[in-house]
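Since the structure comes first, as structure tokens, the remarks are kept for the end.
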Amino acid sequence: MIGLLGGTFDPVHLGHLRAAEELRESLGLHELRLLPCRPGHRHPPHASEEQRLAMLRLALADNPALRLDERDLRRAGPTYSVDTLAELRTEYPGRPLVLIMGLDAFTGLPTWKDWRRLTTLGHLVVAHRPGAHPPLSAELAEWLAERRVGDAKALAGEPAGRVLLAPLTALDISATDIRRRLAEGRSVRYLVPEPVRNYVERHHLYR
Ligand code: ATP
């Protein structure tokens, strides 16, 4: 099983890495790929694409199970998960692919490009705070009920088609907060890996 965690990673931080490591373990993934995206729907990231890639390379260097996948920045135009999954499905015809997203993203799923096609290409894992039950639209609740499974073993047996809600205790770290601290000249030590902190300092990022 290959797990896929997309994001802006502006910059990558220990919240991302800890979540990736925990999901890799709890879902029994062979590898988990971090895919920096080119957002189409919000203001552009602060760091350049090359800088975001460089920070991810530094952050992932010491863990072979967490890998950088650059495809969404190599493709022209903004990133849509359905395009990412379609490409990977062609490369790995029979392999379970697991698209990971947070609960907030999931509640907005019906606004995504070709969202109903996502589970024809891969599984979905919705990471959520233990005990969180936000309201879902009737349309999404019905779609979920038809696909929902109770544990990760059910994902391993087929390449696509299922949705798993996975509890995850997220560290209280966000890229927005890290950028704010840097803009104010404050420390981000222990919020990002040291090599990333050194890179940010050397390149005067987020000032
Ligand atoms: P920003 O503050 O700029 O919006 P972010 O810190 O939320 O950024 P993203 O690059 O948007 O980071 O996140 C990529 C993915 O990682 C998303 O699915 C997001 O939900 C998840 N994520 C972000 N921060 C954490 C965290 N502290 N713990 C667990 N997951 C996280």
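Whatever order the structure lists ligands and atoms in, that order sets their numbers, starting from 1.
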Worksheet item: For atom 11 (O) of ligand 1, which candidate among Val12, Leu23, Leu191, Thr8 provides the closest heavy atom?
Response: Thr8
Discussion item. With a 4.5 Å cut-off on side-chain heavy atoms, are Leu97 and Pro159 touching?
Written reply: no
Practice prompt. Please determine if Asp172 has a nitrogen or oxygen closer than 3.5 Å to a nitrogen or oxygen of ligand 1.
Written response: no
Discussion item. Could you tell me, atom by atom, which parts of ligand 1 come under 4.0 Å of a heavy atom of Ala170?
Written reply: 28 (N), 29 (C)
Worksheet item: Do Leu32 and Ile100 come within less than 4.5 Å of each other through their side chains, counting heavy atoms only?
Response: yes
Item to complete: Could you name the option among His13, Arg180, His16, Arg129 that has the heavy atom nearest to atom 16 (O) of ligand 1?
Response: His16
Worksheet entry | Leu171 contact mode with ligand 1 (heavy-atom cut-off under 4.0 Å) | backbone
Fill in: Side-chain heavy atoms of Asp83 within contact of Asp72, under 4.5 Å
no
Item to complete: Check the pair Arg38, Arg75 against side-chain contact (heavy atoms from CB on, under 4.5 Å), reporting the backbone distance first and the verdict last.
Response: CA-CA 9 Å; Arg38 187 179 296 132; Arg75 199 185 311 112; 5.7 Å; no
Worksheet item: Is Met101 in contact with ligand 1, taking contact as a heavy-atom separation below 4.0 Å?
Response: no
Discussion item. With respect to Leu5, determine whether any N or O atom, backbone or side chain, lies less than 3.5 Å from an N or O atom of ligand 1.
Written reply: no
Discussion item. Please classify the Arg18 to ligand 1 contact at 4.0 Å (heavy-atom distances, strictly less than): side chain, backbone, both or neither.
Written reply: neither
Practice prompt. Taking the side chain as every heavy atom from C-beta outward, state whether Leu68 and Arg57 have any atom pair closer than 4.5 Å.
Written response: yes
Discussion item. Is it true that Tyr206 and Asp10 share a donor-acceptor pair across their side chains at a distance under 3.5 Å?
Written reply: yes
Discussion item. With heavy-atom distances below 4.0 Å as the criterion, list the atoms of ligand 1 near Gly7.
Written reply: 10 (O), 14 (C)
Practice prompt. Would you check whether Asp10 reaches within less than 4.0 Å of ligand 1, judged by its heavy atoms?
Written response: no
Worksheet item: If you group Ile, Leu, Val, Met, Phe, Trp and Tyr by side-chain heavy-atom gaps below 4.5 Å, do Val163 and Leu5 land in one group?
Response: no
Item to complete: For Glu142, look at atom CD and say whether over 12 heavy atoms of other residues, nucleotides or ligands are found less than 6.0 Å away.
Response: no
Worksheet item: Just which atoms of ligand 1 are under 4.0 Å from any heavy atom in Arg179?
Response: 3 (O)
Worksheet item: So is Ala105 in contact with ligand 1, going by heavy-atom distances below 4.0 Å?
Response: no
Discussion item. Would you say CZ of Arg116 has more than 12 non-hydrogen atoms from neighbouring residues, nucleotides or ligands within 6.0 angstrom?
Written reply: yes
Worksheet, complete the sentence: Here the atoms of ligand 1 under 4.0 Å from any heavy atom belonging to Ile173 are 24 (N), 26 (C), 27 (N)
Discussion item. Using a 4.0 Å cut-off to any heavy atom of Thr176, which atoms of ligand 1 qualify?
Written reply: 1 (P), 2 (O), 3 (O), 4 (O)
Practice prompt. Give the numbers and elements of all ligand 1 atoms closer than 4.0 Å to a heavy atom of Phe9.
Written response: 10 (O)
Practice prompt. Tell me, yes or no, whether the heavy-atom count around Lys113 atom NZ, taken from other residues, nucleotides or ligands under 6.0 Å, exceeds 12.
Written response: yes
Worksheet item: For ligand 1, is there an N or O atom under 3.5 Å from any N or O atom of Ala175?
Response: yes
Worksheet entry | Mode of Ala19 contact toward ligand 1 - side chain, backbone, both, neither (heavy atoms, under 4.0 Å) | side chain
Item to complete: Check each atom of ligand 1 against the heavy atoms of Gly6 and keep those under 4.0 Å away; list them by number with element.
Response: 14 (C), 15 (C)
Discussion item. Within the 4.5 Å heavy-atom criterion, are Met55 and Arg197 side-chain neighbours or not?
Written reply: no
